[in-house]
Amino acid sequence: MAGTLKRLAILGSTGTIGQSTLSIVEQFPERYSVASLAAGRNVDEAFAQAVRWRPRLISMATEDLAGELAGRLRDAGVSGVDVAHGTEGTVACSTHAEADFVVSAIVGVAGLEATHAAILAGKPVGLANKECMVAAGEILTRAARERNVPILPIDSEHNAVHQCMRVGAHAEVKTIWLTASGGPFRQLPLEQFAGITPEQALKHPTWVMGRRITIDSATMLNKGLEIIEACRLFDVLPSQVRVTVHPQSTVHSLVEFVDGSILAQISVTDMRLPILYALAYPERPASTLTFDLAALRRLDFEQPDFERFPCLRLAYEAAEMGGAHAIALNAADEVAVEAFLERRIPFPGIARTIEAVLASTPEAHPATIPEVLAADQLARQMARQIVA
Ligand code: MG
């Protein structure tokens, strides 16, 4: 496909990953263009993106927001941009006839149906939404295998693993090592965890990210979700995925092979690189995202502290159980993080909420997306009751 234009559907276009993806399109106009955008709730940004990129279709979260955007586009004399809304609108974006590649970057399970629909439509997916893989990884990977549709991870760790995996056979992989920054509380005395404020938790040492994922980094639940994501994406057992705390966030992850060799991927901490890798795979376009090796002084790797970060232990438990427990891990966390940000529960309450929800979740293995969403709703209800 070298030399041909890839037309993108970007789900979550106004978010961090969506905007980074558009900056790649800006940089490589001969390689990428925009077919459709699922923009969510930010009408100002959606309007600016529609004017700049002229997608065939743009979708908003609700009918009201879609109406507002359509009115503004009409007033501005912009034609040829259809406006849709809701889950149907997102699915219409991800399956658009003119889209060759789908970037799935809507946070949470909101992007699940559209991602599944894209795979069913045979469209390669660049996956930044880890919740999709955690909640419905078995369904998505099976559908992708059956249709020979590539799923390329944009999550920086999994992107690194994907790169390292290319040098060996699947049976030669012993352990996937996911690196974790350890978040802002890696060295905070355990007795001070109860007093952590949302402001403190929202300050991430190395990455600039959305609010939920920043809190998830502070609890290391994010790494827990990534353990499950790795199991699904790379078809390995939970016991084959390990976490190493690497405060510099320079090595994005490592793969240890059975002969004892360990391969690591190093690059700048800039999400544009994993996005570019996913968009261009199997090619590697020249970019300006260079890493200054001369400035590299040290690389530290530490064992994660499971007492300080109980979410890691909970994630391994959910990974072993799979199905409804993986769904519950993600759903309960989303509710608990929201409650923490609204100061309704303390920081350690996030892990306690998840633990309680996991304990009351019956073992089940949803086989369809509606079943996944029902299990997700059930876990949310439980979490809301526990938080209250
Ligand atoms: Mg990550």
Side-chain angles (χ1 to χ4, degrees), residues 16-17 20 130 153-168 173-190 192-193 196 200-210 213-227 229-230 234 240-277 284 286-313 315-316 347:
T16 318
I17 298 291
S20 294
K130 68 191 75 185
I154 289 177
D155 204 350
S156 63
E157 294 81 357
H158 304 76
N159 189 269
V161 170
H162 192 274
Q163 299 196 38
C164 296
M165 289 284 234
R166 286 170 80 174
V167 303
V173 173
K174 185 180 175 193
T175 304
I176 289 173
W177 290 92
L178 299 177
T179 54
S181 71
F185 310 128
R186 189 169 55 90
Q187 286 162 331
L188 188 77
L190 204 51
Q192 289 179 27
F193 270 50
I196 291 170
Q200 289 171 311
L202 284 169
K203 278 204 194 90
H204 192 274
T206 44
W207 290 97
V208 179
M209 307 174 292
I213 191 171
T214 305
I215 302 299
D216 284 348
S217 295
T219 61
M220 289 194 76
L221 189 275
N222 179 54
K223 210 50 55 180
L225 297 176
E226 289 180 356
I227 292 166
E229 187 186 6
F234 304 113
Q240 287 179 279
V241 183
R242 297 183 66 185
V243 173
T244 179
V245 174
H246 170 49
Q248 291 90 4
S249 297
T250 297
V251 174
H252 297 302
S253 276
L254 315 90
V255 175
E256 180 177 355
F257 290 90
V258 287
D259 65 352
S261 285
I262 299 180
L263 269 84
Q265 189 263 347
I266 292 177
S267 59
V268 286
T269 50
D270 188 322
M271 287 308 294
R272 285 177 298 169
L273 190 51
I275 294 167
L276 180 61
Y277 174 87
R284 285 188 187 272
S287 94
T288 53
L289 299 163
T290 49
F291 179 82
D292 183 7
L293 205 55
L296 183 63
R297 286 291 165 266
R298 55 184 288 178
L299 297 173
D300 296 308
F301 297 95
E302 300 163 13
Q303 288 262 69
D305 181 345
F306 279 65
E307 213 185 315
R308 190 179 290 266
F309 300 109
C311 285
L312 273 183
R313 169 178 56 81
Y316 273 109
F347 187 78

Review point. Do the side chains of N159 and I154 get nearer than 4.5 Å, heavy atoms only?
Key: no
Exercise for review: Indicate yes or no: does R242 engage E256 in a salt bridge with an N to O separation below 4.0 Å.
Suggested key: no
Check your understanding: To the nearest 0.5 Å, what is the distance between CD1 (I213) and CG (D155)?
Key -> 6.5 Å
**Study point:** Student check: side-chain heavy atoms of M220 and V243 closer than 4.5 Å
**Key:** yes
Review point. Would you say the side chain of F234 lies within less than 4.5 Å of the side chain of H158, judging by non-hydrogen atoms?
Key: yes
Review point. Just wondering, do L178 and V161 contact through their side chains at under 4.5 Å, heavy atoms?
Key: yes
Exercise for review: Assess whether side chain to side chain contact (heavy atoms under 4.5 Å, CB included) is satisfied between Q192 and L188, documenting all intermediate values.
Suggested key: CA-CA 7 Å; Q192 289 179 27; L188 188 77; 3.3 Å; yes
Check your understanding: Rounded to the nearest 0.5 Å, what separation is found between the CZ atom of F306 and the OH atom of Y316?
Key -> 5.5 Å
**Study point:** Reported CG-to-NZ distance for the pair L312 and K223, which is rounded to 0.5 angstrom
**Key:** 9.5 Å
Point to revise | Nearest atoms (heavy-atom pairs only) where P184 meets A201 | key: CG-O, 4.3 Å
Exercise for review: Could you tell me the separation between the OG1 atom of T214 and the CG atom of N222, rounded to the nearest 0.5 Å?
Suggested key: 9.0 Å
Check your understanding: What are the two closest heavy atoms between V245 and G182, and how far apart are they?
Key -> CG1-CA, 4.0 Å
Practice item. Compare every heavy atom of H246 with every heavy atom of L299, then report the nearest pair and how far apart it is. Key: CD2-CE1, 3.6 Å
Exercise for review: Measure the CD1-OG distance between I176 and S253 for me, rounded to the nearest 0.5 Å.
Suggested key: 8.5 Å
Exercise for review: Provide the full list of salt bridge (Lys or Arg N to Asp or Glu O under 4.0 Å) pairs with a residue in residues 297-306, sequence neighbours left out, each pair given once.
Suggested key: R186-E302, R298-D300, D305-R308
Point to revise | Residue pair T179 / F301, side-chain heavy-atom distance below 4.5 Å | key: yes
Check your understanding: Distance from E157 atom CD to E226 atom CD, nearest 0.5 Å?
Key -> 4.0 Å
Pairs of donor and acceptor atoms involving the side chains of residues 260-268, under 3.5 Å and at least two apart or interchain, shall be tabulated with distances.
unit_1, atom_1, unit_2, atom_2, d
Q265, NE2, S267, OG, 3.2
S267, OG, H252, NE2, 3.2

Practice item. Flag the pair T16 / M271 as yes when at least one side-chain heavy-atom distance between them is below 4.5 Å, and no otherwise. Key: no
Point to revise | Non-hydrogen atoms of S287 and L289 that approach each other most closely | key: OG-N, 2.9 Å
Exercise for review: Could you please spell out the steps behind the side chain to side chain contact (heavy atoms under 4.5 Å, CB included) verdict for L296 and F291?
Suggested key: CA-CA 9 Å; L296 183 63; F291 179 82; 4.2 Å; yes
Point to revise | Candidate pair Q303 and T244, rule side chain to side chain contact (heavy atoms under 4.5 Å, CB included), full reasoning | key: CA-CA 6 Å; Q303 288 262 69; T244 179; over 6 Å; no
Review point. Which is it for F347 and F185 under the ring-ring contact (aromatic ring centres under 6.0 Å, His included) test, yes or no, and what are the steps along the way?
Key: CA-CA 11 Å; F347 187 78; F185 310 128; 5.3 Å; yes
Exercise for review: Answer yes or no: is there a side-chain heavy-atom contact under 4.5 Å between K174 and F257?
Suggested key: no
**Study point:** Sub-4.5 Å side-chain heavy-atom contact between T175 and Q240
**Key:** no
